[in-house]
Engineer: 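Attaching a single structure in structure tokens format; questions to follow.
Every chain is numbered from 1 and lettered A, B, ... according to where its sequence line falls, protein lines coming before strand lines. Just so you know, these numbers use all the heavy atoms, side chains as well, and skip hydrogens, waters and symmetry mates.
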Amino acid sequence: MTGRGKVSLWRVHTMATKCIDYNFHEIEPHWQSFWEHNGSFRASNQSSQPKFYVLDMFPYPSGAGLHIGHPEGYTATDILARYKRARGFNVLHPIGWDAFGLPAEQHAVKTGTHPASNTQNNIVNFKRQIKALGFSYDWDREIDTTDPKYFRWTQWIFLQLFRRGLAYVDERPVWWCPELRTVLANEEVVDGKSEVGGFPVERRNLRQWVLRITAYAERLLADLKEVDWPESTKRMQEAWIGRSEGAEILFDLENRALGPLKIFTTRPDTLFGCTYMVLAPEHPLVDALTAPEHRADVEAYRRKAAAKSDLERTDLAKEKSGVFSGAYALNPVNGQRVPIWVADYVLMGYGTGAIMAVPAHDERDFEFATQFKLPIVQVISSGSGETKLPHVGDGALVNSPGYDGLPWPEAKRKITADLAARGVGKATVNYKLRDWLFSRQRYWGEPFPIVWVSAADYAKARALRGQDLPAEPVTFKDQGAVHYALPLPAGALPLELPNVQSYLPSGTGESPLANETAWLEIWFNVTTGAAVPASQPLPAGDGWVRGRRETNTMPQWAGSCWYYLRFLDPKNADALASPEALRYWGTPDLYVGGAEHAVLHLLYARFWHKVLFDLGVVPQGEPFKKLFHQGIILGEDGEKMSKSRGNVVNPDTIIESHGTDTLRLYLMFLGPLEAMKPWNPRGIEGVHRFLQKVWRELIGADGQVNPKVSDSAADPAELTKLLHETIRKVGDDIEGLRFNTAISQMMIFANALQKAPAVSTATARAFLQLLAPFSPHIAEELWSRLGGSGSVMAAPWPAYDAARLTATEVKLVFQVNGKHRGDQLVPVGTTQDDALALARANPKVAPHLEGRAVKRVVFVPGKILNIVVE
RNA sequence: GCCCGGGUGGCGAAAUGGCAGACGCAUCUGACUUAAAAUCAGAUUUCCGCAAGGAAGUGCCGGUUCGAGUCCGGUCCCGGGCACCA
């Protein structure tokens, strides 16, 4: 709490409202302004308290406003943040805006207004909505990824990637969306359509920036063992990285002039079963090795395959297609001639784009071989009886001279080693993970801090600032000329977006920035990073070269890859965050957000974090040690909420009708946080009634404290015991993110409160402290009215007394043959013999024992007595 | 096809291997009220029974156990993810 210098304000605001009934319209804004004036949620970077950093996935401020899914996750983290503060932690609970993105740009294309103004409008609206929910964010740390003070450091991180050779340029087939006029990452294409907008996409060759995430594949995979994440999310990342161990094997071609053909296989042990080879249609050797009499067929097939999108290629899985090339390779183990086919079930992008086909032990090869009547040779036997082909399971080798009888994993090792000894193969690891396509042909994104220069000018720059440049220059060839990528010096950042005439991308695939000649074509000072339009005279002095700026911008993921670090020290102008802040706060102790980011944001952020770790910027190897996904809230009809279905719930409506305390409570009471659950307006009434009941039990009809609540009142014994149970359960449940059962327990307590003839102020206040993280406004109001000093949140979390929880009597359940036959209150410590005697005497139990011999007695003290009879 | 989740009253759900259905919704009955709302008291898994009581019951089949919603094997259905990755 930082109340210094604000004593008078504090006084004014500590007072409760004057309302007589539970008037949330008055209470909620009142306490929100109290918190704001007191800076109640400011986190300090200097503190002797233990730290706790709880992070939400920051929202994209869309024009539609807050969706009900936002407050679900945000309420969960807010409860935890408030609880941890009460437990004496210095809590960092920040929020910001992931504000670059396509919708703002599309809006700009339509209206001609700058995307920044639309974005700012949306932020204002989001902020209003989020503030109305009463979340305990430290607004002094608010960040906006489109703010040059922020993206300066996004660009800085890119420069580090660039310097380490982790960013390069490549002309490659990419997903191009004609409607959006931009390329999309693999991850942004769903079922052949753009993830945003659902427009069709096609393949195009374009010059792109690519980040070498594959260099980190092994660590991204291995370090999943270190994090406390949902198992399903870890599995998804594992599958996405897709590691497989196998071997690269060289097959000599019959036409030895062409050199060997390199294939990748995970099953080198089946080498003797290879009856044909397949090259992807794009494989560079196809042209050279195709026999003249097959050329026409192969050419036709390649053209057909090129016209297909990846989707069609994979979608037409039912029937395989391919053509024979007329060429043959020689099997390195036995010199057998193997025909080479061209087929699009082999993908150029994985392995070497060429395979050895073993139809007996691979389903795809089996299907292909059957269709084209190619031989099938079994080399693995499942052991007993006939092996049904294709057999992809366990077994030992057959028909493999020198290896017969070996279990396949052993044979795999041995054959690989033997091939390696002869120099015709080696063990390798392959990943499905591809390098990350990192550029977009858009306006509304971070500009790349890169200027393209000539070879001679690059050499000049290298002499002046070699340490900023990668070991290998990044280049691309355009109409015979080679262009060199020269980074801006870090001191010249941020590189801001110029204003443009039109937000429409150019039809050639370049972003709207390509039309801004004055920004684009420049005299560039290689040491200072200063720029002057090339239309002006060459400035005096050394270090000026002619350059053209990079016109691509970064994808939306860039800003969200490191925002959790900026919150630690959001105003720092000298670094993305100070080393002290990075050391004190570390990484989030808990990260809550939707499961839809399982392989996108969460993989990219891990990659950047590891690079920053290697640079010595951050002290930990993983950014998010504990992750939790909130479930999706469905519409009332049990369907996914959507505008077209008309089942969308707007948080504003609920705040207006029931108040945010009710909304927050309801969102948490709906079911387990991680579950998918339907919205039910009736349920809101239920939790609202609970809050009204709490109010009524503590405040009388006249608006004064209920006469039954007083300092001198003696609580009924059961109420005291229940209070301590409730303190324990609510605390445990908050720690375990089981908010629904915590609320149930508070409801049970409220019901007891109602029945109690007298309640001590201390008990009432302790209960309000438990309620405060969930429904903070009403808790503050009642706390204040009961004479609590300051904020309810400033009071240390109540402790439960274990002694109060132990009862003197417990209910013992009597079972006969495992069936419940009766029960009885017994003193704690009742022995088995006594319990047995009680059971025999019990009128409900006795008839079931009559005339039957007792075989066994199971006794769980204080719980159960099970009598097993004949 | 493969990999994850999940199937419990009319509904949302709860249950360290130990009384299945806490808590809430909805419904019904009663009290208060001229009346309604609100509030309060009570009932509400199914079947048999006037009742006392009994029997069955956590998708389905089987197993382990004194005892299974919970653990194991199989199976069906629903949701999510991946999908010609050699």
Side-chain angles (χ1 to χ4, degrees), chain A residues 230-240 242-244 246 263-268 270 277-278 280 310 313-318 320 343-347 349-358 361-365 367-368 392 430-434 595-596 598-599 629 631-632 634 638 640 665-666 669-672 674-687 689-690 692-693 696 738 740-751 754-755 811-823 844 847 855-860 862-869:
Chain A
E231 217 42 49
S232 59
T233 303
K234 289 207 249 183
R235 288 283 141 71
M236 276 164 74
Q237 290 214 350
E238 268 170 31
W240 196 263
R243 181 184 200 274
S244 41
I263 61 102
F264 172 75
T265 178
T266 54
R267 294 296 301 273
T270 61
M277 319 278 297
V278 183
D310 268 17
R313 272 175 72 157
T314 54
D315 203 35
L316 297 171
K318 292 151 224 150
K320 294 216 170 358
D344 66 4
Y345 80 91
V346 171
L347 308 172
Y350 183 80
T352 62
I355 63 158
M356 65 174 205
V358 184
H361 305 290
D362 181 282
E363 281 170 20
R364 296 149 301 184
D365 295 346
E367 193 190 324
F368 191 86
V392 295
N430 251 299
Y431 300 92
K432 289 184 199 170
L433 185 70
R434 312 291 158 85
E596 68 272 19
V599 284
H629 298 307
I632 295 168
L634 303 171
K640 211 172 163 178
L665 206 55
Y666 176 60
F669 189 58
L670 216 44
E674 68 277 17
M676 184 186 277
K677 51 226 161 203
W679 182 262
N680 173 11
R682 301 272 201 184
I684 301 165
E685 299 292 342
V687 290
R689 279 202 278 266
F690 160 68
Q692 282 176 317
K693 181 183 287 183
R696 225 175 23 244
R738 296 180 299 267
N740 54 330
T741 49
I743 295 166
S744 294
Q745 184 64 32
M746 290 192 285
M747 285 173 166
I748 291 169
F749 185 83
N751 292 342
Q754 181 190 299
K755 289 190 175 69
K811 190 164 85 170
L812 186 68
V813 171
F814 300 130
Q815 291 184 342
V816 178
N817 287 347
K819 281 201 200 315
H820 176 238
R821 293 301 179 188
D823 50 61
K844 287 186 181 167
K855 272 167 57 181
R856 183 174 172 183
V857 175
V858 180
F859 181 61
V860 183
K863 270 197 177 152
I864 209 152
L865 177 76
N866 187 13
I867 305 162
V868 186
V869 296

Engineer: Using side chain to side chain donor-acceptor pair (under 3.5 Å) as the criterion, list what pairs up with A:Lys677, not counting sequence neighbours.
Structural biologist: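 Partners of A:Lys677 by the side chain to side chain donor-acceptor pair (under 3.5 Å) criterion, ordered by chain and then number, come out as A:Glu72.
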Engineer: Looking at A:Arg235 and A:Glu231, does any basic side-chain N land under 4.0 Å from a carboxylate oxygen?
Structural biologist: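 Yes, A:Arg235 and A:Glu231 are salt-bridged.
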Engineer: Would you indicate, yes or no, if B:rA86 has its OP1 or OP2 atom less than 4.0 angstrom from a side-chain nitrogen or oxygen of A:Tyr345?
Structural biologist: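 No, no such contact exists.
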Engineer: Expressed in angstrom and rounded to an integer, what is the separation of A:Gln692 atom CD from B:rU39 atom P?
Structural biologist: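 Result: 7 Å.
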Engineer: B:rA38, OP1 or OP2 - any side-chain N/O from A:Arg689 closer than 4.0 Å?
Structural biologist: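 No, no such contact exists.
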Engineer: Measure from the side-chain heavy atoms of A:Asn751 and tell me the nearest of B:rG81, B:rG18, B:rC23.
Structural biologist: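 Output: B:rC23.
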Engineer: Taking ring-ring contact (aromatic ring centres under 6.0 Å, His included) as the test, write out the residues that go with A:Phe669, two or more places apart.
Structural biologist: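 Result, ring-ring contact (aromatic ring centres under 6.0 Å, His included) vs A:Phe669: none returned.
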Engineer: What residues, two or more places apart in sequence or in another chain, satisfy side chain to side chain donor-acceptor pair (under 3.5 Å) together with A:Ser744?
Structural biologist: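 Listed in chain order: nothing, the list is empty.
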Engineer: At under 4.0 Å, does any side-chain N or O of A:Arg235 touch on OP1 or OP2 of B:rC82?
Structural biologist: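 Answer is no, no contact under 4.0 Å.
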Engineer: Any protein N or O atoms within reach of nucleotides 47-55 of chain B? Criterion: under 3.5 Å, listing atom names and distances.
Structural biologist:
{"unit_1": "B:rA55", "atom_1": "OP2", "unit_2": "A:Arg821", "atom_2": "NH1", "d": "3.3"}

Engineer: Which letters describe nucleotides 10-17 of chain B, given B = protein heavy atom under 4.0 Å from base, S = only from sugar-phosphate, - = neither?
Structural biologist: --BSS-B-
Engineer: Indicate, with a heavy-atom threshold strictly under 4.0 Å, whether A:Lys811 touches base, sugar-phosphate, or nothing.
Structural biologist: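 Contact class for A:Lys811: base.
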Engineer: Take atom NZ of A:Lys855 and atom P of B:rC66, then tell me their distance rounded to the nearest Å.
Structural biologist: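 Nearest whole value for this atom pair: 9 Å.
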Engineer: Sequence neighbours left out, what passes side chain to side chain donor-acceptor pair (under 3.5 Å) with A:Thr741? Give chain and number order.
Structural biologist: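 Once residues adjacent in sequence are excluded, the partners of A:Thr741 under the side chain to side chain donor-acceptor pair (under 3.5 Å) criterion are A:Asp733.
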Engineer: When you check the phosphate oxygens OP1 and OP2 of B:rC40, does a side-chain N or O of A:Gln754 lie under 4.0 Å from one of them?
Structural biologist: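 So the side-chain polar atoms of A:Gln754 do come within 4.0 Å of the phosphate oxygens OP1 or OP2 of B:rC40, strictly under.
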